[in-house]
Number of protein chains: 2
Amino acid sequence: MVTMRDVADRAGVSIATVSFVVNGTKPVAADTRTRIEQAMADLGFRRNAVARALASRRTHILAMAYPALDHDLSSSALEFFTSAAATAARLDHHLVLWPVSNDAAELKELIGEGLVDGVLLMEVQLDDPRVAVLEAARMPFALIGRTADPTPYVHVDIDFDATIREAVAHLHELGHRRLVLVSGDRSDPGMIDYGPYVRSEAAFQATAEAYGLEPTILRSGTTAAAGRELAGRLAHDHPDVTAVMIMREYASLGLVSELRRTGRDIPGDISVLPLVASRELPSLSDPALTIMRSPGPELGRLGVESLITLVAGGSVPPPQLIPCRLEIASSTAPPPES
Amino acid sequence: MVTMRDVADRAGVSIATVSFVVNGTKPVAADTRTRIEQAMADLGFRRNAVARALASRRTHILAMAYPALDHDLSSSALEFFTSAAATAARLDHHLVLWPVSNDAAELKELIGEGLVDGVLLMEVQLDDPRVAVLEAARMPFALIGRTADPTPYVHVDIDFDATIREAVAHLHELGHRRLVLVSGDRSDPGMIDYGPYVRSEAAFQATAEAYGLEPTILRSGTTAAAGRELAGRLAHDHPDVTAVMIMREYASLGLVSELRRTGRDIPGDISVLPLVASRELPSLSDPALTIMRSPGPELGRLGVESLITLVAGGSVPPPQLIPCRLEIASSTAPPPES
DNA sequence: CTGAAAGCGCTTACAG
DNA sequence: CTGAAAGCGCTTACAG
């Protein structure tokens with residue numbers, strides 16, 4: 001391994017001066033700098049990340065804490081991870097994966113090791129015990145999602161208000177007046193307080209009121225089978241509904257396939273609009289789905305950027321709320337003539 | 001931060017002795033040990049991972065190098081990551097994400113930082129330039145996948161031979177005699193040499209020969225749309241085929257939906273068997289798909305275990321080839337009477 | 001603009 | 001069984 005000592009010797013300077021040019025920490029005379037840079041190139045020097053971390057008290061490592069397999073994160077999560085890791089790399093950082101459960105003790109242990117400068121907290125609950133652990137440890141963190149009152153914390157999240165507004169506007173423009181929002185099943189203990197459901201439902205109530213519509217809300221599990229079951233409930237309990245906004249992407253596949261199987265035309269008889277969908281979803285269904293696409297990559301990037309800003313001790317970065325964007329395909333159209 | 005110095009002072013010993021009990025490195029008298037453990041508990045000591053790493057020359061950090069979004073890794077990849085990270089944690093390690101391209105220079109830079117003890121290389125090509133980089137840097141690594149001749153390297157991979165054998169056996173037992181294997185499109189430059197395709201095709205040739213069947217091989221892109229297009233080719237060019245084994249899971253969804261749209265009953269007229277599928281796939285389709293399920297979690301675990309063994313300098317862990325397992329649902333059945 | 005030196009918090013021969 | 005001390009490869013006041 002080539003160390004600063006080696007570089008310093010070859011350039012005829014002290015290791016402090018080498019450090020100054022490597023980090024740009026202090027001005028160095030042009031010719032000295034040139035000699036050092038030459039020596040580094042000759043020897044193939046790379047600054048050791050561990051020694052740097054110990055001396056500077058900054059590891060430049062960030063942790064991504066996510067509850068392993070608690071829900072179907074799958075494809076959005078991978079987009080998110082990749083974007084976050086790439087952003088971290090661009091800003092001279094690394095990203096470690098902490099697939100910790102929502103219980104706080106495990107997180108506390110990991111923090112104690114002193115390996116990371118900050119934590120990105122995914123799948124935040126409205127009342128999240130992990131936040132207290134992070135605060136007590138004075139560990140910088142950013143929320144991906146929001147607690148009930150996220151004001152005191154650095155956070156980035158989907159803008160559910162704007163997402164619902166755009167979705168409703170799209171359907172309303174097409175002529176739909178009987179819309180339903182399918183939110184997630186909250187019977188699961190961990191899900192009672194799940195922010196995306198709570199906020200979307202509230203946003204739908206408000207938006208529907210603004211349009212003078214009745215805000216019908218249904219719940220569904222996450223699987224395609226749950227989506228199929230939903231199709232039955234819809235036909236039986238809400239036969240007049242002409243458009244469905246649905247938050248679970250796998251369930252939307254089951255919903256569409258069961259609706260078609262039972263003779264409903266999509267989008268002729270009923271429009272289907274998945275709300276927080278990943279890139280792959282549209283093409284997985286027939287007809288291709290119009291979606292509100294999840295801003296996974298943007299959230300990953302912004303989460304890391306915000307966290308690094310916070311760690312650097314600059315100003316506290318403002319919250320970032322990013323709406324899903326409408327991507328039109330073939331599952332929404334004007335309602336049938338009535 | 002509580003350091004070993006603090007613990008040593010409170011227990012009335014030297015920091016060396018504290019280190020011995022923390023790591024179990026050397027025998028320590030029972031009462032001394034008790035005093036130290038009490039002091040650690042009182043102070044809430046946690047050994048600093050960075051200092052440990054610098055002194056011991058082992059960071060206990062592993063890197064997961066994967067080409068970001070080169071293909072559709074999505075859901076299997078997340079299972080893999082999570083399993084790998086959890087295994088790492090269980091063995092006192094961390095996992096960092098390196099979404100590096102397949103080009104070797106970037107990997108070399110990262111290795112140079114000295115942050116990681118070893119690298120897990122995903123999406124290995126038959127002739128992979130990254131392997132040379134790793135070898136030159138004397139960086140321990142394990143392949144997830146295989147180079148053309150993986151013998152010299154620690155590797156874990158899907159056992160394509162056994163997977164194809166079980167898939168063919170399943171279909172043959174049902175009575176199918178006209179099978180087709182749908183492999184991936186290799187027109188993409190990076191894909192010409194893609195191991196999973198190459199090995200599956202070879203395995204199918206061999207297995208078909210053993211059964212006295214004609215080994216028809218088609219290629220398809222990864223998307224659902226590509227799967228739909230495939231349905232047309234199948235009907236037109238291979239009308240007598242009664243069973244399709246297919247390697248791309250999204251394409252299998254398009255294939256099934258297009259077959260049904262054009263009036264083919266599944267599994268009545270034709271059986272469909274996705275070969276390296278993730279857990280979610282079966283329920284995403286109607287009928288639910290019988291699959292050969294990808295051993296993502298097992299590969300993640302074995303990859304990390306093998307790599308840690310290698311890093312620890314023990315014996316070189318043997319290759320691990322894990323077959324996909326047959327999970328029967330509703331897309332395979334006896335062929336129609338002819 | 002540059003250097004000598006302390007120090008980050010551990011591990012690990014070495015000595016006793 | 002335990003301790004004193006060197007050392008891992010950097011950063012960072014401090015002095016000049």
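If you're wondering where the values come from, they're calculated on a predicted model, not measured in any experiment. Each chain gets a letter, A, B and so on, in the order the sequences are listed, and its residues count up from 1.
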Mind calculating the distance between [atom1] ([X]) and [atom2] ([N]) to the nearest angstrom?
{"X": "B:I36", "N": "D:dC1", "atom1": "CD1", "atom2": "P", "value": "13 Å"}
{"X": "B:R5", "N": "D:dG3", "atom1": "CZ", "atom2": "C1'", "value": "11 Å"}
{"X": "A:E113", "N": "C:dG9", "atom1": "CD", "atom2": "P", "value": "16 Å"}
{"X": "A:L115", "N": "C:dC10", "atom1": "CG", "atom2": "P", "value": "13 Å"}
{"X": "B:H60", "N": "C:dC10", "atom1": "NE2", "atom2": "P", "value": "14 Å"}
{"X": "B:N48", "N": "C:dC8", "atom1": "CG", "atom2": "P", "value": "12 Å"}
{"X": "A:D9", "N": "D:dG9", "atom1": "CG", "atom2": "P", "value": "13 Å"}
{"X": "B:R57", "N": "D:dG9", "atom1": "CZ", "atom2": "C1'", "value": "9 Å"}

Open item on the list: Please determine whether a side-chain nitrogen of the Lys or Arg among A:E123 and A:R130 lies less than 4.0 Å from a carboxylate oxygen of the Asp or Glu.
Closed with: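 No salt bridge links A:E123 with A:R130.
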Task: For A:G296 against A:F80, the heavy-atom pair lying closest together - done: O-CD1, 3.5 Å
- [ ] Please name the pair of heavy atoms, one in B:D157 and one in B:L299, separated by the smallest distance, quoted to 0.1 Å.
- [x]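 Looking at all heavy atoms of both residues, the shortest contact is O-CD2, 3.6 Å.
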Which value, rounded to the nearest 0.5 Å, describes the distance between [X] atom [atom1] and [Y] atom [atom2]?
{"X": "A:I144", "Y": "A:H155", "atom1": "CD1", "atom2": "NE2", "result": "10.5 Å"}
{"X": "A:T87", "Y": "A:E298", "atom1": "OG1", "atom2": "CD", "result": "10.5 Å"}
{"X": "B:L115", "Y": "B:I61", "atom1": "CG", "atom2": "CD1", "result": "4.0 Å"}
{"X": "B:L310", "Y": "B:F141", "atom1": "CG", "atom2": "CZ", "result": "8.5 Å"}

Can you name the atoms? Protein N/O to nucleotides 12-16 of chain D N/O, anything below 3.5 Å, with the distance.
| unit_1 | atom_1 | unit_2 | atom_2 | d |
| --- | --- | --- | --- | --- |
| D:dC14 | N4 | A:K26 | NZ | 3.0 |

Any [X] side-chain N or O less than 4.0 Å from OP1/OP2 of [N]:
{"X": "B:N23", "N": "C:dT11", "value": "yes"}
{"X": "B:S14", "N": "D:dG3", "value": "yes"}
{"X": "B:R47", "N": "C:dT11", "value": "yes"}

Task: A:V13 side chain, from C-beta outward: closest of D:dG9, C:dG3, C:dC10 - done: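 When the side chain of A:V13 is considered, C:dG3 is the closest of D:dG9, C:dG3, C:dC10.
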TODO: Would you indicate which nucleotide in D:dC10, C:dT2, D:dG3 comes nearest to any side-chain atom of A:R52?
DONE: D:dC10
Open item on the list: Using salt bridge (charged side-chain N to carboxylate O under 4.0 Å, His left out), reason through A:D9 and A:R5 one step at a time and then give a plain yes or no.
Closed with: CA-CA 6 Å; A:D9 288 349; A:R5 179 75 270 156; 3.1 Å; yes
Open item on the list: For Watson-Crick and G-U wobble pairs within 3.5 Å on both distances, what is DNA chain D written in dot-bracket notation, | included for inter-strand pairing?
Closed with: |||.||||||||.|||
TODO: May I ask you to check whether A:T309 and A:S306 show a side-chain donor-acceptor distance below 3.5 Å?
DONE: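 The answer is no; no qualifying pair exists.
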